[in-house]
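Structure record follows, encoded as structure tokens.
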Amino acid sequence: MLPPPLLLCTKEAARFVSLSPRTMEKHRSHGTGPAYSKLGGRVVYRIADLQTWVALGARTSTSDVGVGVVYPAKARFRTEGGA
């Protein structure tokens with residue numbers, strides 16, 4: 001039996017976190033998704049990075065503020081100099 005892979009392509013990573021591959025691409029484009037690496041022209045995700053990203057959104061109730069935020073897969077406006 002083969003050990004589980006350490007790196008997943010976009011399609012496999014999307015399946016791992018129950019999102020569509022297109023949503024993963026949007027997260028990558030907008031900088032709101034998990035860390036990834038580029039090997040040549042290929043995008044890969046480490047399972048540990050996917051798990052860390054998912055854990056940021058963990059909540060125990062609707063009133064729980066949690067430990068982090070998983071932003072939607074859309075552009076976020078950034079201000080220069082914190083203003």
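All residue numbers in this chain count up from 1 along the given sequence. Values below: every heavy atom of this structure, side chains too, minus hydrogens, waters and symmetry copies.
- The same ILVMFWY cluster, assembled from side-chain heavy atoms under 4.5 Å apart, contains both Val17 and Val43.
- Closest approach of Tyr45 to Ala35, counting heavy atoms only: CD2-O, 3.4 Å.
- Ion pairing of Arg15 with Glu12 is absent here, as no side-chain N (NZ or NE/NH1/NH2) approaches a carboxylate O to less than 4.0 Å.
- Residue-environment remark: CG (Leu6) stays at or below the threshold of 12 foreign heavy atoms within 6.0 Å.
- Side-chain contact between Trp53 and His27: present, with at least one pair of heavy atoms (C-beta onward) separated by less than 4.5 Å.
- With hydrogens and angles ignored, the 3.5 Å screen pairs a side-chain donor or acceptor of Thr52 with a backbone N or O of Ala48.
- There is no path of hydrophobic side-chain contacts, each under 4.5 Å, that joins Val54 to Leu7.
- How far CZ of Arg22 is from OG of Ser20: 8.5 Å, rounded to the nearest 0.5 Å.
- Using a 4.5 Å cut-off between side-chain heavy atoms of Ile, Leu, Val, Met, Phe, Trp and Tyr, with links allowed through other members, Ile47 and Val44 fall into different hydrophobic clusters.
- Atom-to-atom distance recorded for Arg42:CZ and Thr10:OG1 is 8.5 Å, nearest 0.5 angstrom.
- Considering all non-hydrogen atoms of both residues, Ala73 and Lys26 come closest at CB-CB, 3.8 Å.
- Counting all heavy atoms, side chain and backbone alike, Asp49 lies closest to Pro34 at O-CB, 4.0 Å.
- To the nearest 0.5 Å, atoms CE (Met24) and OH (Tyr36) are separated by 11.0 Å.
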